[in-house]
Engineer: 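Take a look at this one; I'll ask things after.
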Amino acid sequence: MTLPAHSDLAPTYSRSPKSEPRNVIVHFGMGNFHRAHQAAYLDELLSQHDDDVPEWGICGVGVLERDRRMHDALHAQDCMYTLVLKAPDGSYDARVIGSIMDHMLAVDDTQAVLDVLAAPSTRIVSLTITEGGYPIDDATGEFAPDDAAREDGQSPQSPHTPFGLIVEALRLRRERAIEPFTVLSCDNLPGNGHIAHDSACGQAALSDQELAQWIDDNVAFPNCMVDRITPVTTDEDRELVEQQWGIEDAWPVGAEPFIQWVIEDKFPAGRPQWEEVGAQMVTDVVPYELMKLRLLNAAHQMLAHWGRLLGMTYAHEAAEDPDIEAVTRAYLEREALPTLRPVPGINLDQYVDTLFERFTNHAIADTLNRLAEDASDRVPKFVLPALRGCIEQGRPVDLGAAMCAAWALTLEGNDEDGAPITINDQYRDRLISLAQQQKAGNTRALLSDARLFGELESTSEFADRFEHWLHAIRRDGARAVMRELIAQAN
């Protein structure tokens, strides 16, 4: 039985061509996370109302050739797919998600994508394009166009990047007197709405300063915080869906039951009533955002780099290892928590305990390779801001500096037993080159990359400790160093 024909788990609301949604969310970055998170929220909302003509629907957009696999898989299934929630006790809960009504490839037809973006029915444009998808310099926080952004700036009416497409669509809407859509970044970035704003305005200014000012004056860029652990899809996931529910699904999604979405309520063009299905609509996202980035996302980096150095494969392996758990908890308590603001409605100590319950969910089988992917974007955003905060407060940063040293050693390409470590990073060649210099004796080679560490290279409170722990891990091994760090923290 193919997925579209399956009735027991299928959406109850209408998805026929005659019932196109009244309002559209165009989404860039149709990966597993969006399909397990934002699309799942909307699916639940649509299911509650069960209208003949859905109030809202999602149109996905891929901008890269590698997005074709997802495009083809979705279209073969009428853009539906199976979401399987995997509980720690080994039980499963599945449903077929139908909130994605269409998916388009800008590489095939840019004009068709622009037509949808410029249509009055498009009210929101959302993004999960990863931390590296925004042309912003991590160290300065300023717009820093790459070659693709510059190319779009030179030919703004033939864009190829998400922000090139967004800016050209906004130009068309202004020209046609259509109110602008809201731009909603759902990526793991501090101040993701502000970063999306700077990316769009910076992109527009490359070709039209007046348009950039109009975007600044008229377009809303709310901040939001998103959370759900969502690993990559495996063949085992496909087999599970077929065996358990009789569904042939080319690209199902597995995720943990936990889900959270905190959204700044700033949508002048309208929005779904997400709060009816558990989203938190707030006036200030920052406390929630910093909590998630500096606790959950930073903890993932701790698990990934210490675990990979010790030859581990899965997040639950690392989280259940007594030394990695202890050093991660010590980091969160000593160096991350002191830099956070109070979070309304959240007990932060309980939140940390909940993280480890989630990390040790064997059913998720999240890999350390996934957590370490693009660490050159993740470490500067998830870990270094807290370390800067500690330094400003006069607090030590040994636990974070040692984790950075562990990451630096994984970049040399082997774990402590000599097995190869996969380096999957958009700056892979640069990182490997720096790691080779490090291996040859330049222990501050990685720190010299200003894009990664900025002023921390010359900040002795961090740089000296990084160098100390790099030597110590190389000499004594990761486990001995973690135990030393734990003893110091206690």
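FYI, the numbering just counts along the sequence from 1.
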Engineer: Can you establish whether the number of heavy atoms outside Glu210 located under 6.0 Å from its atom CD is more than 12?
Structural biologist: no
Engineer: Would you mind reporting whether Arg388 and Leu384 have side-chain heavy atoms less than 4.5 Å apart?
Structural biologist: yes
Engineer: For the backbone of Thr82 and the side chain of Asp249, can you confirm whether one donor and one acceptor N or O come within less than 3.5 Å of each other?
Structural biologist: yes
Engineer: Does the plane of the ring in His75 sit parallel, tilted or perpendicular to the ring in His103? Use 30° and 60° as the thresholds.
Structural biologist: perpendicular
Engineer: Tell me if a side-chain donor or acceptor on Asp415 pairs with a main-chain N or O of Ile421 at a distance below 3.5 Å.
Structural biologist: no
Engineer: OG1 of Thr140 to CD of Glu455: how many Å apart, nearest 0.5 Å?
Structural biologist: 11.5 Å
Engineer: I'd like to know if the side chain of Asn32 reaches the main chain of Pro231, judged simply by a donor and an acceptor atom lying under 3.5 Å from each other, with no hydrogens or angles considered.
Structural biologist: yes
Engineer: Side chains of Arg68 and Asp108: does their closest heavy-atom pair fall under 4.5 Å?
Structural biologist: yes
Engineer: What are the two closest heavy atoms between Pro287 and Pro342, and how far apart are they?
Structural biologist: CB-O, 3.5 Å
Engineer: Evaluate His27 against Thr128 for side-chain hydrogen bond (donor to acceptor under 3.5 Å, both in side chains), listing each step before the verdict.
Structural biologist: CA-CA 8 Å; His27 183 80; Thr128 49; 2.7 Å; yes
Engineer: Does the side chain of Phe221 come within less than 4.5 Å of Ser185's, by heavy atoms?
Structural biologist: no
Engineer: Are any side-chain N or O atoms of Tyr81 and backbone N or O atoms of Arg35, one a donor and one an acceptor, separated by less than 3.5 Å?
Structural biologist: yes
Engineer: Give the intermediate values and the outcome of salt bridge (charged side-chain N to carboxylate O under 4.0 Å, His left out) for residues Asp235 and Arg238.
Structural biologist: CA-CA 5 Å; Asp235 287 339; Arg238 295 179 180 90; 3.0 Å; yes
Engineer: CG of Leu296 to CE of Met291: how many Å apart, nearest 0.5 Å?
Structural biologist: 9.0 Å
Engineer: For the side chain to side chain contact (heavy atoms under 4.5 Å, CB included) test, which of Val26, Leu117, Val113 pairs with Met104?
Structural biologist: Val113
Engineer: Would you say the side-chain atoms of Asn223 pair up with the backbone N or O of Val285, donor to acceptor, closer than 3.5 Å?
Structural biologist: no
Engineer: So that I can tick it off, tell me whether Lys439 and Glu412 are bridged by a salt bridge, with the cut-off set at under 4.0 angstrom between side-chain N and carboxylate O.
Structural biologist: no
Engineer: Within the side chain of Asp67, is there an N or O that forms a donor-acceptor pair under 3.5 Å with the backbone of Leu64?
Structural biologist: yes
Engineer: Sub-3.5 Å donor-acceptor pair from the side chain of Arg228 to the main-chain atoms of Ala36, do we have one?
Structural biologist: yes
Engineer: Please give me the minimum heavy-atom distance between Leu83 and Ala40, naming the atom from each residue.
Structural biologist: CD2-CB, 3.9 Å
Engineer: If every non-hydrogen atom of Thr233 is compared with every non-hydrogen atom of Pro252, which pair is closest and at what distance?
Structural biologist: OG1-O, 2.6 Å
Engineer: Check whether any side-chain heavy atom of Trp251 sits under 4.5 Å from a side-chain heavy atom of Arg69, and report yes or no.
Structural biologist: yes
Engineer: Picking from Ile166, Val167, Asp208, Leu165, what satisfies side chain to side chain contact (heavy atoms under 4.5 Å, CB included) with Gln203?
Structural biologist: Val167
Engineer: Please examine the side chains of Arg395 and Thr339, heavy atoms only from C-beta on, and report whether any two atoms are closer than 4.5 Å.
Structural biologist: no
Engineer: Just wondering, do Ile229 and Arg370 contact through their side chains at under 4.5 Å, heavy atoms?
Structural biologist: yes
Engineer: Do Thr130 and Phe33 have side chains that approach each other closer than 4.5 Å (heavy atoms only, starting at C-beta)?
Structural biologist: no
Engineer: Using only atom types and a distance under 3.5 Å, with no angle test, would you say the side chain of Glu416 pairs donor to acceptor with the backbone of Ala478?
Structural biologist: yes
Engineer: Between the side chain of Asn192 and the main-chain N/O of Asp187, is any donor-acceptor distance below 3.5 Å?
Structural biologist: yes
Engineer: Specify the closest pair of heavy atoms between Asn188 and Val226, including all atoms of both residues, with the distance to one decimal.
Structural biologist: OD1-O, 3.9 Å
Engineer: Does Glu131 reach the main-chain N or O of Asp377 with its side chain, forming a donor-acceptor pair under 3.5 Å?
Structural biologist: no
Engineer: Do Lys381 and Leu189 touch side chain to side chain, with heavy atoms closer than 4.5 Å?
Structural biologist: yes
Engineer: Which heavy atom in Asp237 sits nearest to a heavy atom in Lys86, and how many Å separate them?
Structural biologist: OD1-NZ, 2.5 Å
Engineer: Closest approach of Arg308 and Ile423, non-hydrogen atoms and distance?
Structural biologist: NH2-CD1, 4.1 Å
Engineer: Would you call the rings of His37 and Trp261 parallel, tilted or perpendicular if under 30° counts as parallel and over 60° as perpendicular?
Structural biologist: perpendicular
Engineer: Surrounding CZ of Phe143 (heavy atoms of other residues, nucleotides or ligands, distance under 6.0 Å), is the total greater than 12?
Structural biologist: yes
